[in-house]
S.K.: 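Before anything else, here's the structure in question.
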Amino acid sequence: QVQLVESGGGLVQPGGSLRLSCAASGLTFSSVTMNWYRQAPGKERELVASIASDAGTTNYADSVKGRFTISRDNVKKMVYLQMNSLKPEDTAVYYCRIGRGTWGQGTQVTVSS
């Protein structure tokens, strides 16, 4: 059974940093693209960052370029999202996703003073 479990969310002040983690199981992790999405209250879910199976290619939404970094560890079957210079508008539930398939349960990120 394919499963994704996110962790690392929380409350942080503007300008602060958080590192989200996503643990995968039940799949050949090294063969799949991994994505981070987010959904803010009242808004549609949006793609934040993606990373190719070999970590050779990464892509970011314009709103997070230069502040967020996606990475992965294929041995540990983990994907990470390092978020720096956080802004209140980054407040959302963050989800990891396997390609266009399975979703994790999400982790809340709140940026507020």
Side-chain angles (χ1 to χ4, degrees):
Q1 180 181 358
V2 177
Q3 189 173 15
L4 298 173
V5 179
E6 299 98 332
S7 61
L11 173 64
V12 63
Q13 292 186 343
S17 297
L18 280 176
R19 188 195 195 205
L20 305 183
S21 299
C22 175
S25 60
L27 76 160
T28 305
F29 183 77
S30 59
S31 299
V32 298
T33 294
M34 293 298 297
N35 304 299
W36 282 99
Y37 286 74
R38 68 185 180 187
Q39 187 166 21
K43 295 188 176 181
E44 293 186 354
R45 196 170 295 189
E46 64 171 346
L47 178 63
V48 174
S50 62
I51 186 166
S53 58
D54 64 355
T57 302
T58 57
N59 290 287
Y60 298 91
D62 287 344
S63 58
V64 307
K65 279 181 182 176
R67 300 188 298 122
F68 290 12
T69 302
I70 188 171
S71 61
R72 66 190 294 160
D73 184 328
N74 284 348
V75 174
K76 295 181 179 178
K77 296 187 177 181
M78 298 287 295
V79 61
Y80 306 98
L81 187 67
Q82 177 67 43
M83 306 185 295
N84 299 328
S85 302
L86 283 161
K87 304 175 181 180
E89 51 263 44
D90 294 317
T91 295
V93 178
Y94 284 72
Y95 301 88
C96 64
R97 187 184 187 190
I98 300 167
R100 297 183 179 181
T102 304
W103 294 87
Q105 85 287 353
T107 185
Q108 176 70 48
V109 171
T110 303
V111 185
S112 175
S113 55

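Numbers here simply count residues along the sequence, with the first being 1. Just so you know, these numbers come straight off a predicted model, no measurement behind them.
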S.K.: To check you understand the geometry: which heavy-atom pair defines the closest contact between Ser113 and Pro14, and what is its length?
M.R.: N-CD, 3.7 Å
S.K.: Can you find a pair of side-chain heavy atoms, one from Trp36 and one from Met83, that are under 4.5 Å apart?
M.R.: no
S.K.: With side chains defined as the heavy atoms from C-beta onward, is the minimum distance between Val48 and Tyr37 less than 4.5 Å?
M.R.: no
S.K.: Suppose the criterion is salt bridge (Lys or Arg N to Asp or Glu O under 4.0 Å): which pairs have a residue in residues 13-42, not counting sequence neighbours?
M.R.: Arg38-Glu46, Arg38-Asp90
S.K.: Out of curiosity, does Val32 fall in the hydrophobic cluster containing Ile51 (side-chain heavy atoms, cut-off under 4.5 Å, transitive links)?
M.R.: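 Linked within one cluster.
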S.K.: Once rounded to the nearest 0.5 Å, what's the spacing between atom OG1 of Thr33 and atom CZ of Arg72?
M.R.: 7.0 Å
S.K.: Can you tell me how far apart OG1 (Thr110) and CG (Leu86) are? Round to the nearest 0.5 Å.
M.R.: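 It comes to 10.5 Å.
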S.K.: Before you tell me yes or no, could you show the steps for Tyr80 and Asp73 under side-chain contact (heavy atoms from CB on, under 4.5 Å), namely the whole-Å CA-CA distance, both residues' side-chain angles and the distance that decides it to 0.1 Å?
M.R.: CA-CA 8 Å; Tyr80 306 98; Asp73 184 328; 4.3 Å; yes
S.K.: Starting at CD of Gln105, measure out to CG of Leu4 and round the result to the nearest 0.5 Å.
M.R.: 8.5 Å
S.K.: Report yes or no: does Glu6 contribute a side-chain atom to a donor-acceptor pair with the main-chain N or O of Leu20 at less than 3.5 Å?
M.R.: no
S.K.: Considering all heavy atoms of both residues, which atom of Ser30 and which atom of Ser53 are nearest to each other, and what is their separation?
M.R.: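 Looking at all heavy atoms of both residues, the closest pair is O-CB, 3.2 Å.
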S.K.: Hey, what do you get for CZ (Phe29) to CE (Met78), rounding to the nearest 0.5 Å?
M.R.: 8.5 Å
S.K.: Would you please test Ser17 and Val12 for side-chain contact (heavy atoms from CB on, under 4.5 Å) and show each step?
M.R.: CA-CA 7 Å; Ser17 297; Val12 63; over 6 Å; no
S.K.: Taking all non-hydrogen atoms of both residues, which atom of Gly56 and which atom of Asp54 are closest, and how far apart?
M.R.: N-OD1, 2.8 Å
S.K.: Mind listing the closest non-hydrogen atom pair of Pro41 and Thr91 along with its distance?
M.R.: CD-O, 4.5 Å
S.K.: Could you measure the distance from the CD atom of Gln1 to the OG1 atom of Thr102? Nearest 0.5 Å is fine.
M.R.: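 If we round to the nearest 0.5 Å, Gln1:CD and Thr102:OG1 are 9.0 Å apart.
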S.K.: What distance separates Leu81 CG from Met34 CE, expressed to the nearest 0.5 Å?
M.R.: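 So the gap between those two atoms works out to 11.5 Å.
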S.K.: Looking at side-chain heavy atoms only, is the closest gap between Gln82 and Ser71 below 4.5 Å?
M.R.: no
S.K.: Kindly write out the residues that satisfy side-chain contact (heavy atoms from CB on, under 4.5 Å) with Lys43, not counting sequence neighbours, or none if the list is empty.
M.R.: Ala40
S.K.: How are the rings of Tyr94 and Phe68 set relative to one another: parallel (under 30°), tilted (30 to 60°) or perpendicular (over 60°)?
M.R.: tilted
S.K.: Stepwise, does the side-chain contact (heavy atoms from CB on, under 4.5 Å) test hold for Tyr95 with Asn35?
M.R.: CA-CA 8 Å; Tyr95 301 88; Asn35 304 299; over 6 Å; no
S.K.: Same cluster for Leu47 and Val93 if Ile/Leu/Val/Met/Phe/Trp/Tyr side chains link at under 4.5 Å?
M.R.: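 In one cluster with Leu47: Val93, yes.
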S.K.: Is it the case that one hydrophobic cluster holds both Tyr60 and Leu18, taking links as side-chain heavy atoms less than 4.5 Å apart, direct or via other members?
M.R.: yes
S.K.: Any chance CD of Glu89 has more than 12 other-residue heavy atoms, nucleotides or ligands included, within less than 6.0 Å?
M.R.: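 Enclosed: over 12 neighbouring heavy atoms sit under 6.0 Å from CD of Glu89.
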